[in-house]
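Here's the structure, in structure tokens; my notes come after.
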Amino acid sequence: MNDFLPFGLSLREIQKDRFRQRFLPTMDYILERQKTAKAPNNIWEIIHRGSYPELQNKETEWTVFYSNYIKTYIERDVRELSAVQDLDAFRRFMISSAARTSEVLNYSTIASEIGKDVTTVKNWISILETSGVIYLLEPYTANVLKRAIRTPKLYFRDTGLACYLTRWLTPDTLAYGAYNGHIFETFVISEILKSFSNAGLDYRHFVSYYRGKDKKKLKKTARRSKWKVKLILSSRKTAFYIP
């Protein structure tokens, strides 16, 4: 897998902010970031719109763009990457996966929902990852070998695509809907990872998720030498994130 598959534009790039430092959970970083950070007028419009450069042109019709994207991706790219024959099932698989963005990856649940076996789902997840539609965030552990075998979290690289697939068709319905927490987390983590990728760094060496001992509360962990910091995410409209 290419370590530098495109994430789309970052919020910094969309706002034409020249700040280029990678994210670090330190006070020095936050103070420096505040010098140029601008609060979006409506963060849900940005999240819903998506990060593809073409969509930054307001004349580009959102549903037409993603409809064409899915058609081209499934009919051309998926066929080139694999021997997938049941393209309708693969579309259902993409929808099922999008509905689980920001969740711990559960192959069995997706397989049951789309009527395929777990081996097929694992192969199809690999296709989505290889082609840059999703990324898998590894769990935090000090043991590298254990990290490689533990269950990752699934994230869509583009929030607009995830919204389109799950039929959240407007920013307002997304903001007040049951999906807002999943998609907000996807957006925030994507912004953090973009800050590393845009600095020419492989985010997998710096960012992972952390599962508490009670196995219920999941938090993101940024690794830097010997310390780790937990970032608590909020989907409330009043939340402000400094990427």
Side-chain angles (χ1 to χ4, degrees), residues 1-58 60 65-66 69 73 77 101-102 128-140 147 152-163 182-210 219-225 227-233 239-243:
M1 177 183 173
N2 187 342
D3 291 339
F4 299 102
L5 284 169
F7 270 95
L9 297 177
S10 66
L11 181 59
R12 298 176 186 176
E13 292 170 311
I14 291 172
Q15 294 182 324
K16 296 180 171 54
D17 188 330
R18 294 186 177 184
F19 187 81
R20 291 293 180 267
Q21 292 183 30
R22 61 179 177 171
F23 173 84
L24 286 175
T26 65
M27 186 55 66
D28 287 343
Y29 171 90
I30 293 174
L31 292 175
E32 189 66 25
R33 183 70 187 96
Q34 286 178 334
K35 294 178 181 179
T36 61
K38 295 178 289 186
N41 292 329
N42 187 335
I43 191 62
W44 292 105
E45 288 183 357
I46 293 173
I47 292 172
H48 183 269
R49 186 70 178 173
S51 60
Y52 288 111
E54 298 90 334
L55 287 168
Q56 306 318 307
N57 180 351
K58 298 303 182 183
T60 300
F65 175 86
Y66 280 114
Y69 177 94
Y73 175 70
D77 297 349
T101 185
S102 82
L128 292 184
E129 185 182 22
T130 301
S131 57
V133 173
I134 65 169
Y135 56 95
L136 302 179
L137 193 64
E138 296 174 344
Y140 173 79
R147 189 182 310 150
K153 292 191 76 175
L154 181 154
Y155 290 94
F156 264 63
R157 286 179 178 260
D158 183 71
T159 51
L161 177 59
C163 290
H182 288 77
I183 205 70
F184 186 82
E185 177 176 329
T186 298
F187 172 76
V188 171
I189 299 306
S190 178
E191 288 296 308
I192 292 175
L193 302 190
K194 286 173 187 175
S195 76
F196 285 92
S197 294
N198 290 344
L201 299 170
D202 184 346
Y203 67 84
R204 291 175 295 181
H205 297 307
F206 299 92
V207 184
S208 61
Y209 81 86
Y210 173 74
K219 305 176 179 68
K220 301 298 149 306
T221 302
R223 297 195 299 274
R224 183 187 180 191
S225 63
W227 52 258
K228 61 185 179 182
V229 175
K230 299 174 184 177
L231 306 175
I232 310 300
L233 305 183
F240 177 66
Y241 169 65
I242 303 175

Those residues at least two apart in sequence (or on a different chain) that pass side-chain hydrogen bond (donor to acceptor under 3.5 Å, both in side chains) with Thr101 are Thr186
Atom pair OG/CD of Ser102 and Glu185 - distance to nearest 0.5 Å = 4.0 Å
Side chain to side chain contact (heavy atoms under 4.5 Å, CB included) against Thr60, all qualifying residues, sequence neighbours excluded = Arg49, Leu55, Asn57, Phe65
Can you tell me how far CG of Leu161 sits from OH of Tyr69, rounded to the nearest 0.5 angstrom?
-> 5.5 Å
Residues Phe156, Val133; criterion side-chain contact (heavy atoms from CB on, under 4.5 Å); working and verdict = CA-CA 6 Å; Phe156 264 63; Val133 173; 3.7 Å; yes
Closest non-hydrogen atom pair, Glu129 against Leu136 | OE1-CD1, 3.7 Å
Which residues pass the side-chain hydrogen bond (donor to acceptor under 3.5 Å, both in side chains) test with Lys58, sequence neighbours left out?
-> none
Ile47 versus Thr159, closest heavy-atom pair with distance | O-OG1, 2.6 Å
Using modelled atom types only, decide if a donor and an acceptor are shared between the side chain of Arg12 and the backbone of Leu9 within a distance under 3.5 Å.
-> no
Mind checking side-chain hydrogen bond (donor to acceptor under 3.5 Å, both in side chains) for Asp77 and listing every partner two or more places apart, or none if nothing turns up?
-> none
For the atom pair CD (Glu138) and CZ (Arg204), what is the distance rounded to the nearest 0.5 Å?
-> 7.0 Å
Could you pull out the closest heavy-atom pair between Pro40 and Ile46, with the gap in Å?
-> CB-CD1, 3.6 Å
Lys38 side chain to Gln15 backbone, donor-acceptor under 3.5 Å = yes
Residue list, side-chain hydrogen bond (donor to acceptor under 3.5 Å, both in side chains) with Ser51, at least two apart or on another chain = Asp158
What residues form a ring-ring contact (aromatic ring centres under 6.0 Å, His included) with Tyr73, not counting sequence neighbours?
-> none
Parallel under 30°, tilted from 30 to 60°, perpendicular over 60°: which one fits the rings of Phe23 and Tyr29?
-> perpendicular
Kindly give the heavy-atom pair with the smallest separation between Pro139 and Pro152, and that separation in Å.
-> CD-CA, 4.2 Å
Using the test salt bridge (charged side-chain N to carboxylate O under 4.0 Å, His left out), find all partners of Lys35 that sit at least two apart in sequence or belong to another chain.
-> Glu32
Could you please spell out the steps behind the side-chain contact (heavy atoms from CB on, under 4.5 Å) verdict for Ile183 and Cys163?
-> CA-CA 8 Å; Ile183 205 70; Cys163 290; 4.0 Å; yes
Residue pair Leu11 / Phe187, side-chain heavy-atom distance below 4.5 Å = yes
What pairs with Glu45 under salt bridge (charged side-chain N to carboxylate O under 4.0 Å, His left out), at least two apart in sequence or on another chain?
-> none
For residues Tyr203 and Tyr135, is any side-chain donor paired with an opposing acceptor at under 3.5 Å?
-> no
Quick one: closest heavy-atom pair of Arg157 and Ile134, and the distance?
-> NE-O, 3.5 Å
Note, Val207 side chain near Arg22 side chain (heavy atom, < 4.5 Å) = no
Between the main-chain N or O of Arg18 and the side-chain N or O of Glu13, is there a donor-acceptor pair closer than 3.5 Å?
-> no
